[in-house]
2 protein chains.
Amino acid sequence: MKPTIYDVARAAGVSTATVSKVINGTGRISDKTRKRVTEIMEELRYQPSMVAAALTRRSTSTVGLMLPDLANPYFAEIARAVEDRGHEFGFSLLICSTDNDPSKEEKYLSLMVQKCVDGIMIATSTGQDGLLRELAEQRMPIVAISRELPSLPVDTVMVDDFMGGYMAGKHLVGLGHRRIGIIAEKLGASSSPERIRGCRQAMAEAGIEADDSLIAEASYTVDGGRKAAARLLGGGEPPTALFACNDVLAIGALQAAFERGLQVPEQLSVVGFDNTMLATITAPPLTTVSQPIQDIGRRAFDALLQEIRGEKRTKQRLVLLPELVVRRSTAPVAGGL
Amino acid sequence: MKPTIYDVARAAGVSTATVSKVINGTGRISDKTRKRVTEIMEELRYQPSMVAAALTRRSTSTVGLMLPDLANPYFAEIARAVEDRGHEFGFSLLICSTDNDPSKEEKYLSLMVQKCVDGIMIATSTGQDGLLRELAEQRMPIVAISRELPSLPVDTVMVDDFMGGYMAGKHLVGLGHRRIGIIAEKLGASSSPERIRGCRQAMAEAGIEADDSLIAEASYTVDGGRKAAARLLGGGEPPTALFACNDVLAIGALQAAFERGLQVPEQLSVVGFDNTMLATITAPPLTTVSQPIQDIGRRAFDALLQEIRGEKRTKQRLVLLPELVVRRSTAPVAGGL
DNA sequence: TGCCTAAGGTTAACCGCTTACCCTTTAACA
DNA sequence: TGTTAAAGGGTAAGCGGTTAACCTTAGGCA
């Protein structure tokens, strides 16, 4: 049987209170006693039970992380960043993949409450009513990552999607493109609309009229991107450049181009978004708008931690700047400027 | 304040024991009482605390998952598979990325013990002494995923690495290749050696002599693979085919080929291993040995669950068969057979 | 010498559930 | 009518820690 604090106390000839104080470095304990207790703990290979401690402390040192799919590289990278930052402060993670399924969201949210997480990070577009709203109103620490939960009193850490879209658009316009297709995620609550708006702003500044026939919706998969791109490229007057609202979709676009025998970037430029590791391994490597994923994960955790510790009075909204990473999937429009 | 079981009991005019029985469906409770208690719980929005329950039940319904890096697609996919299977049975996951750093491994192992996980899944090559051995000997449920822990009494779920290597080798040999370079992970305890052995077996059967100058070690990154491939391709009599011990390394090989101006597959064939999503997005798409990742995750969890429930007497070693997925990165050797 | 205080511990209640065991009521049955 | 037993629920002792409050001792100081 695993030794308990009682075993340690008995062996050391002290009370459990003393042992507890030694473990936590609280209270006043003489060096002599501290040393003896420490030795006994070592000897018994004692590991304090965090679940018992959690019960009295009313804190589990665990935070929940809800995301659409852990197998998606973007979210896996986010999760890793949060994990690392959390561990630095002694927190561990309860990760749940929702597949953007509202019923799973609700179920996992409830799980997190039952497991008594100290706070929740949400990287999934989610219903803003039901349990989540209830929790937010009860002041459960919550931070939204990369997606907004506009009607809820929670912290938000995200990238400037509009600016990112603008950068992508500007880049393409600068290369002389005037027919620019856009591939967007389906989800209403996703970040695509802002990215699109940004891209169109850049186009508008160059005097290019918005053309809704140049926007295609896709499901959040490579294949979704491929099909959407195929639709755009198969149209009457096909675009010379494609802006995909994330790297996964951009990869689909690359594939669609390949299938039509279009050279990238000579005959078609492609820009992605996120700058996941995927962008570095495509051929050609993908020009993309880079999200500071490490930073997002870290800041999001830090914000949550402040909430947990009650160090904050007001909800904050942190918007980080994206950066354009030019690789080899974009080039001046065919035929020159 | 969150309502407790006492609040529910009081409001329903019953004892906490009764409420507990209603929650867990144990004991004998009349329909009338059950209904009343259920209604009160709903009304109070009561969520039972799993941490309190864990303390008395001595079970947290949580399993630990140790892997090298959650941001690595292969492990992210494993994690996702385990997560899904776990949730089916009411278990959640405590994920820790070790970066193959022995000190982190030890630290996270200790964390898992303190958090009282019901079992541990290890997908990281790890020191087999220290805490892990101790736990294994104390019959803590443990299963090794994809890597063996030979000297420890634990269950193992893995793919037949030898066979996978053999399939890759056979495929290349069948295409007429005779100079086949191999890119291996560095780590001693990794699965590379078996994969290499399999590949060489296939070569030997074709009458090709082993040539150690055709093996290059790489760190587990795209860049590592790129450098290793560059070394092999830069040699005196360069190989016409490359077998990389995983997809990440294979992608590096693809890049190295591109840099040298070698056409894949016309001038160089490349085979990977794992069949992660990466293999589908490279250009050309990667021929690779497929691991049944879903299956591995699922089986591994099932084995662990059996251990946890004490339904098993003997340790088992489950070896799944890989499958060769031929895409477009391999072709008959230049110059024909 | 007497009083005060700091140092170093101890006591015991409590955290929110679970569960072995016990008690009461009622119906069945001989 | 008395006996049993099943049904339905209550009692209370933990689970392994934490912590407020309290106790004891000894040194400092007037």
Side-chain angles (χ1 to χ4, degrees), chain A residues 1-41 44-62 90 110-118, chain B residues 1-41 44-62 90 110-118:
Chain A
M1 219 47 207
K2 268 176 69 171
T4 72
I5 200 171
Y6 293 98
D7 301 320
V8 175
R10 193 174 325 115
V14 298
S15 71
T16 60
T18 303
V19 179
S20 176
K21 285 171 189 164
V22 170
I23 295 171
N24 299 298
T26 55
R28 291 170 307 214
I29 303 291
S30 69
D31 285 353
K32 203 168 113 238
T33 306
R34 181 190 318 286
K35 185 152 172 295
R36 184 150 42 87
V37 171
T38 309
E39 281 169 6
I40 299 279
M41 291 197 298
L44 261 40
R45 320 242 56 196
Y46 169 69
Q47 306 258 38
S49 157
M50 296 188 74
V51 1
L55 191 54
T56 52
R57 273 199 206 123
R58 317 166 127 44
S59 152
T60 50
S61 293
T62 300
S110 160
L111 175 69
M112 289 178 183
V113 172
Q114 298 188 194
K115 289 242 172 187
C116 305
V117 298
D118 295 341
Chain B
M1 217 49 206
K2 268 176 70 171
T4 73
I5 200 172
Y6 292 100
D7 301 321
V8 176
R10 193 173 325 114
V14 297
S15 72
T16 61
T18 302
V19 178
S20 174
K21 285 170 190 165
V22 170
I23 296 170
N24 299 297
T26 56
R28 291 169 308 213
I29 304 291
S30 68
D31 285 354
K32 203 169 114 235
T33 306
R34 182 191 317 287
K35 184 150 172 298
R36 185 150 40 88
V37 171
T38 308
E39 281 168 8
I40 299 279
M41 291 197 297
L44 262 42
R45 320 241 60 195
Y46 168 70
Q47 306 259 37
S49 156
M50 296 189 74
V51 2
L55 191 54
T56 54
R57 273 199 206 125
R58 326 170 118 42
S59 153
T60 50
S61 294
T62 300
S110 159
L111 175 68
M112 289 178 183
V113 173
Q114 297 188 195
K115 290 243 171 184
C116 303
V117 298
D118 295 341

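The figures that follow rest on heavy atoms only: side chains count, while hydrogens, waters and symmetry mates do not. The chains referred to below are lettered A, B, ... by the order of the sequence lines, with proteins before strands, and numbering in each begins at 1.
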Any salt bridge (charged side-chain N to carboxylate O under 4.0 Å, His left out) pairs touching [range], not counting sequence neighbours?
{"range": "residues 22-37 of chain B", "answer": "B:K35-B:E39"}
{"range": "residues 4-18 of chain B", "answer": "B:D7-B:R10"}
{"range": "residues 11-24 of chain A", "answer": "none"}

Residue list, side-chain hydrogen bond (donor to acceptor under 3.5 Å, both in side chains) with [X], at least two apart or on another chain:
{"X": "B:T26", "answer": "none"}
{"X": "B:T38", "answer": "none"}
{"X": "B:S15", "answer": "B:T18"}
{"X": "B:T16", "answer": "none"}

What is the nucleic acid contact for B:V14, judged by heavy atoms within less than 4.0 Å: base, sugar-phosphate only, or nothing? sugar-phosphate
Need the bend value for the helix from C:dT1-D:dA30 to C:dA30-D:dT1: angle between end axes, 5 pairs each end, nearest 10°. 50°
Within residues 29-40 of chain A, those residues having any heavy atom closer than 4.0 Å to DNA chain C are A:I29, A:S30, A:T33
Got a sec, which residues hit side-chain contact (heavy atoms from CB on, under 4.5 Å) with A:T62, two or more places apart in sequence or on another chain? A:T60, A:S92, A:L94, A:V117, B:K115
Using the 3.5 Å cut-off, write out each protein N or O paired with an N or O of nucleotides 13-17 of chain D and the distance between them.
{"from": "D:dC15", "atom 1": "O3'", "to": "B:R58", "atom 2": "NH2", "distance (Å)": "2.8"}
{"from": "D:dG16", "atom 1": "OP1", "to": "B:R58", "atom 2": "NH2", "distance (Å)": "3.2"}
{"from": "D:dG16", "atom 1": "N2", "to": "A:A52", "atom 2": "O", "distance (Å)": "3.4"}
{"from": "D:dG17", "atom 1": "OP1", "to": "A:Y46", "atom 2": "OH", "distance (Å)": "3.0"}
{"from": "D:dG17", "atom 1": "OP1", "to": "A:S49", "atom 2": "N", "distance (Å)": "3.2"}
{"from": "D:dG17", "atom 1": "OP2", "to": "A:I5", "atom 2": "N", "distance (Å)": "2.4"}
{"from": "D:dG17", "atom 1": "OP2", "to": "A:Y46", "atom 2": "OH", "distance (Å)": "3.4"}
{"from": "D:dG17", "atom 1": "O5'", "to": "A:Y46", "atom 2": "OH", "distance (Å)": "3.0"}
{"from": "D:dG17", "atom 1": "N7", "to": "A:Y6", "atom 2": "OH", "distance (Å)": "3.3"}

Reading DNA chain C in the 5' to 3' direction, which nucleotide is the first one with an atom under 4.0 Å from a heavy atom of chain B, and which is the last? C:dG16 to C:dT19
